There are 2 protein chains.
Amino acid sequence: MGAAKTGRPSGRRQALLQAAAEVFFEQGFVATSIGAIIERAGGSKRNIYSEFGNKEGLFSAIVTSTADRALSTLAIEQIEGRDLQETLTAFGRQLMAIYMSPTLIGVYRIAVTEANRFPDLVKSFYEQGPGRAASQLAEVLEGAKERGEIRADDCLRVAGHFVGMIRDNLHLQVVLGLRPPPSEQEVREAVASAVEIFLNGVRPRRDK
Amino acid sequence: MGAAKTGRPSGRRQALLQAAAEVFFEQGFVATSIGAIIERAGGSKRNIYSEFGNKEGLFSAIVTSTADRALSTLAIEQIEGRDLQETLTAFGRQLMAIYMSPTLIGVYRIAVTEANRFPDLVKSFYEQGPGRAASQLAEVLEGAKERGEIRADDCLRVAGHFVGMIRDNLHLQVVLGLRPPPSEQEVREAVASAVEIFLNGVRPRRDK
DNA sequence: CGAATACGGTAATGCGCGTTACCAGTCAAG
DNA sequence: CTTGACTGGTAACGCGCATTACCGTATTCG
């Protein structure tokens with residue numbers, strides 16, 4: 001039955017992680033059976049237990065490694081430099097691309113679902129993902145504020161508004177499986193619209 | 001152990017729905033056991049099966065009834081009337097209150113979790129909740145646009161941006177159990193900030 | 001070439017769940 | 001007061017799962 005040949009242990013581990021991620025993200029922690037993972041990955045249950053200890057260990061390994069990999073590309077420093085509009089546009093597109101990727105949709109689902117069961121995982125996911133995005137953006141905004149380009153009381157709050165605008169109902173629809181992830185074109189349009197409103201919204205107004 | 005007295009069958013039904021909602025929303029569909037619901041509601045398993053057929057029936061009944069009740073208060077018509085800022089502020093607060101209520105947080109969690117298992121439930125939840133909020137707001141914006149109060153290409157998209165701003169990272173944090181729902185005060189501040197940016201953002205600009 | 005060892009697979013175990021068969025108590029009708 | 005049906009509870013059933021004990025096999029070292 002086994003299509004996969006037994007090879008180096010590290011290859012095995014990767015295949016296991018890959019298969020487990022798929023099943024966990026689709027079905028959730030409780031509904032996922034070790035058997036289903038093995039069916040997809042090949043090999044034997046025994047392997048999972050010697051590699052990860054138990055179901056929770058496997059789950060934690062998956063979530064952290066997947067989230068780390070997906071979120072590591074989230075860095076505003078590499079983008080900043082030109083004017084604020086370009087920075088926001090590029091950052092918005094990057095944010096959108098990450099949020100809408102099937103991988104992060106899966107992580108997001110699992111985080112919402114298992115928030116009670118794995119509070120530590122969820123906390124670190126938030127801090128490395130949405131939380132970090134907001135605080136990175138807040139720093140950029142702080143700079144712009146000091147330069148007088150924008151007007152804002154609380155930059156962190158305002159940054160939150162921006163990432164909220166980017167997420168929009170789009171993210172929710174994708175998470176709920178009501179529509180496929182947006183195309184490049186749709187991303188560009190949505191981000192452009194959000195950036196325009198946001199920028200106008202925070203630009204200093206003369207009449208006041 | 002049982003705190004609830006056995007009474008009329010309709011009271012029984014309500015108690016069952018109440019208890020089931022609590023457990024389902026906290027644990028998810030798969031992890032919730034009929035036994036746990038009975039433990040909380042009193043009575044016997046038999047009761048659930050004669051009243052709702054099976055676990056899925058109970059679940060569907062809960063989700064639809066809870067969502068209906070929580071979302072029925074979402075009506076922009078009763079608010080509209082004065083100027084746009086007041087309308088947006090009131091609508092934003094209402095939205096925030098509904099989104100952050102423990103009840104809707106529970107429904108939201110379950111919707112995200114069980115999107116694959118119950119696509120129809122999820123679809124109707126979205127359409128009655130976030131979807132309806134956006135389209136209602138879009139109509140209001142359409143009116144304002146015709147009156148020349150705002151400038152917008154696609155009102156539905158822009159409405160989506162507004163509700164996204166309102167949800168912010170706050171909603172995510174609450175859903176993930178990382179912080180308690182915001183106080184009245186916090187709601188007011190967040191909404192005020194979002195409305196200000198949004199309104200400035202969509203107001204017609206002279207220089208262009 | 002042979003034996004020891006470690007790894008991977010199969011099958012067993014114990015548990016918890018959804019669901020249902022069966023039984024006791026209760027209320028109404030005659 | 002008796003008897004019938006019906007509502008609600010207890011306990012059993014079958015199943016599927018996480019976890020583990022046990023065994024074959026391949027690999028490596030002498």
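Within every chain, numbering begins at 1; the chains are lettered A, B, ... in the order of the sequence lines, protein sequences first and strands thereafter. Everything quoted here is computed from the prediction, not taken from an experiment.
- Remark: Arg167(B) is positioned above the aromatic ring of Tyr99(B), its terminal NZ or CZ atom under 6.0 angstrom from the ring centre and at most 45 degrees off the axis.
- Looking only at atom types and distance, the side chain of Ser124(B) has no donor-acceptor partner in the side chain of Glu127(B) under 3.5 Å away.
- Atom CZ of Phe59(B) and atom P of dG18(C) are 13 Å apart (whole Å).
- Residue Lys145(A) qualifies as enclosed at atom NZ: its count of foreign heavy atoms under 6.0 Å is above 12.
- Side-chain atoms of Asn169(B) and Arg179(B) include no donor-acceptor pair closer than 3.5 Å.
- A side-chain donor from one of Ser183(B) and Glu186(B) sits under 3.5 Å from a side-chain acceptor of the other.
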Using a cut-off of under 3.5 Å, enumerate the N/O to N/O pairs linking the protein to nucleotides 4-7 of chain C.
none

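- The nearest whole Å value for the distance from the CG atom in Leu16(A) to the P atom in dG9(C) is 10 Å.
- The 12-atom threshold is exceeded at CG of Asn54(A), counting heavy atoms of other residues, nucleotides or ligands nearer than 6.0 Å.
- Protein atom CD1 of Ile38(B) is 12 Å distant from nucleotide atom P of dG8(D), rounded to whole Å.
- Going from atom CD1 of Ile48(B) over to atom C1' of dT20(C) covers 14 Å, rounded to whole Å.
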Going 5' to 3' through nucleotides 16-21 of chain D, assign each nucleotide B (protein heavy atom under 4.0 Å from a base atom), S (under 4.0 Å only from sugar-phosphate atoms) or - (no protein heavy atom that close).
-SSBBB
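- Applying the side chain to side chain contact (heavy atoms under 4.5 Å, CB included) test to Arg132(A) and every residue at least two apart in sequence or in another chain returns Leu74(A), Gln136(A).
- In this model, no donor atom of one side chain and acceptor atom of the other lie less than 3.5 Å apart for Gln18(A) and Gln14(A).
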